[in-house]
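Report on the structure given below.
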Amino acid sequence: MGAFHLLALEDNEEYQKVLRSMLSKYPGRSRLDVDIISGVTTFEALMASDDRIDIFITDIDLGEGNPSGIELVRRYFPAGSPTKVIYISGHVEFCTSAYQTEHTYFLLKPINQSDFDAALDKALSNLQDSRQLPVAIQHNGTVTMVDPSEVEFVESERRKVRLHSVRGECIETYATLGQMLDMLPECFVQCHKSYLVNMACIVELRPGSVLLRSGREVPVSQRQRTSVRDSFFHYVGLNAR
């Protein structure tokens with residue numbers, strides 16, 4: 001899937017600058033696709049758009065009249081959510097309330113770089129670990145546990161997705177492509193509005209497609225071409241030129 005999407009919600013303009021600075025110095029910055037926003041309304045609009053959020057950094061006190069960061073987490077990222085939450089606050093008394101929700105880290109302002117790096121390291125590690133697990137797929141009234149390494153590509157058609165295995169098998173289920181991307185490990189990248197591909201199965205990048213080990217070809221849209229190329233080169237340890 002390439003980079004992980006990190007969304008930071010911070011209503012203080014000066015602390016937004018602090019977060020940008022710390023993110024620029026984070027050693028794993030290339031693994032992150034970062035958005036920093038200041039308002040709850042903007043956050044709720046992003047959630048309504050079904051935008052995938054892998055890591056959510058939020059201040060707890062978001063200003064008078066607004067829900068707190070803890071309330072937003074409780075509402076949008078309840079227990080069991082794949083999103084990894086990092087709280088930041090200048091008030092240590094919020095710590096007890098924060099622990100009533102699932103989260104990865106609690107950072108107390110003023111934040112130092114080493115603590116910030118440790119929080120992101122833990123969130124990324126947890127994401128990586130969770131995405132190595134078998135994926136539960138419901139189809140034909142049953143639940144099948146699917147090993148992601150056995151999935152070559154995923155195809156979407158309307159409200160259904162089809163998981164095509166390296167052995168030529170196909171499992172069909174009701175889901176969106178975005179939901180499947182959330183469930184699968186980072187070796188999967190979206191290459192087209194209707195396709196995800198497992199980069200571990202790619203043997204050749206072509207101008208409008210990728211060739212897989214099985215000999216099958218999956219389309220790559222012009223919009224996704226650069227993203228797929230960069231993600232693949234990062235995945236195999238090359239520098240994109």
Side-chain angles (χ1 to χ4, degrees), residues 1-13 15-16 19-20 23 31-89 94 97-98 100-107 119-120 123-124 126-127 130-131 135-138 154-163 173-186 188-196 221-224 227-228 231:
M1 63 174 278
F4 290 98
H5 184 194
L6 182 152
L7 178 68
L9 175 56
E10 171 56 70
D11 64 329
N12 184 290
E13 188 174 335
Y15 229 84
Q16 286 184 31
L19 289 176
R20 286 193 179 93
L23 281 162
R31 302 180 66 193
L32 300 172
D33 179 13
V34 175
D35 287 312
I36 299 177
I37 59 174
S38 60
V40 172
T41 301
T42 304
F43 168 77
E44 291 176 333
L46 281 171
M47 296 305 298
S49 71
D50 197 29
D51 195 17
R52 188 191 80 248
I53 299 172
D54 297 304
I55 301 173
F56 180 48
I57 300 178
T58 182
D59 196 351
I60 292 180
D61 185 354
L62 296 170
E64 189 175 350
N66 288 317
S68 70
I70 295 171
E71 291 170 320
L72 293 179
V73 168
R74 189 177 290 120
R75 187 182 309 167
Y76 292 100
F77 309 117
S81 168
T83 301
K84 306 308 173 187
V85 174
I86 298 173
Y87 287 120
I88 56 176
S89 180
F94 283 136
S97 298
Q100 295 172 5
T101 63
E102 283 190 5
H103 64 283
T104 300
Y105 229 92
F106 185 103
L107 293 169
L120 287 182
L124 287 170
N126 288 349
L127 282 168
S130 65
R131 289 178 178 181
V135 177
I137 302 296
Q138 296 186 39
V154 181
E155 177 186 11
S156 172
E157 184 179 359
R158 297 183 181 177
R159 295 177 56 238
K160 293 182 179 180
V161 293
R162 299 186 185 96
L163 286 76
T173 188
Y174 286 97
T176 67
L177 213 59
Q179 287 169 336
M180 291 308 306
L181 197 58
D182 283 343
M183 296 167 67
L184 292 166
E186 65 174 336
F188 282 82
V189 64
Q190 183 162 0
C191 58
H192 185 279
K193 67 179 181 179
S194 301
Y195 289 89
L196 308 177
S221 66
Q222 186 171 0
R223 181 179 179 183
Q224 298 287 350
S227 173
V228 170
S231 295

Just to verify, what does Glu71 make a salt bridge (charged side-chain N to carboxylate O under 4.0 Å, His left out) with, not counting sequence neighbours? none
Pairing residues for Arg74 by the salt bridge (charged side-chain N to carboxylate O under 4.0 Å, His left out) criterion, not counting sequence neighbours: none
Residue list, side-chain contact (heavy atoms from CB on, under 4.5 Å) with Asn66, at least two apart or on another chain: Val40, Leu62
Return the set of residues passing ring-ring contact (aromatic ring centres under 6.0 Å, His included) with Tyr87 (not counting sequence neighbours), or none when no residue passes. His103
In chain order, what residues pass the side chain to side chain donor-acceptor pair (under 3.5 Å) check against Glu44, with sequence neighbours excluded? Arg75
For Ser194, check side-chain contact (heavy atoms from CB on, under 4.5 Å) against everything at least two apart and list the hits. His192
Donor-acceptor pair, side chain of Gln138 and main chain of Thr173, under 3.5 angstrom: no
Quick one: list whatever passes side chain to side chain donor-acceptor pair (under 3.5 Å) with Thr83, sequence neighbours left out. none
Is a donor on one side and an acceptor on the other found under 3.5 Å between the side chain of Asp54 and the backbone of His5? yes
For the ring pair Tyr76 and Phe43, is the centre-to-centre distance below 6.0 Å? yes
Salt bridge (charged side-chain N to carboxylate O under 4.0 Å, His left out) partners for Lys160, two or more places apart: Glu172
Under the salt bridge (charged side-chain N to carboxylate O under 4.0 Å, His left out) test, residues paired with Glu157 that sit two or more places apart: Arg162
Those residues that, when tested against Ala123, pass side-chain contact (heavy atoms from CB on, under 4.5 Å) (two or more places apart): Ile55, Lys84, Ile86, Thr104
For Tyr174, what residues pass the ring-ring contact (aromatic ring centres under 6.0 Å, His included) criterion, not counting sequence neighbours? none
Could you check whether any side-chain N or O of Gln224 sits under 3.5 Å from a backbone N or O of Ser221, counting only pairs where one atom can act as donor and the other as acceptor? no
Could you list the residues that satisfy side chain to side chain donor-acceptor pair (under 3.5 Å) with Asn12, not counting sequence neighbours? none
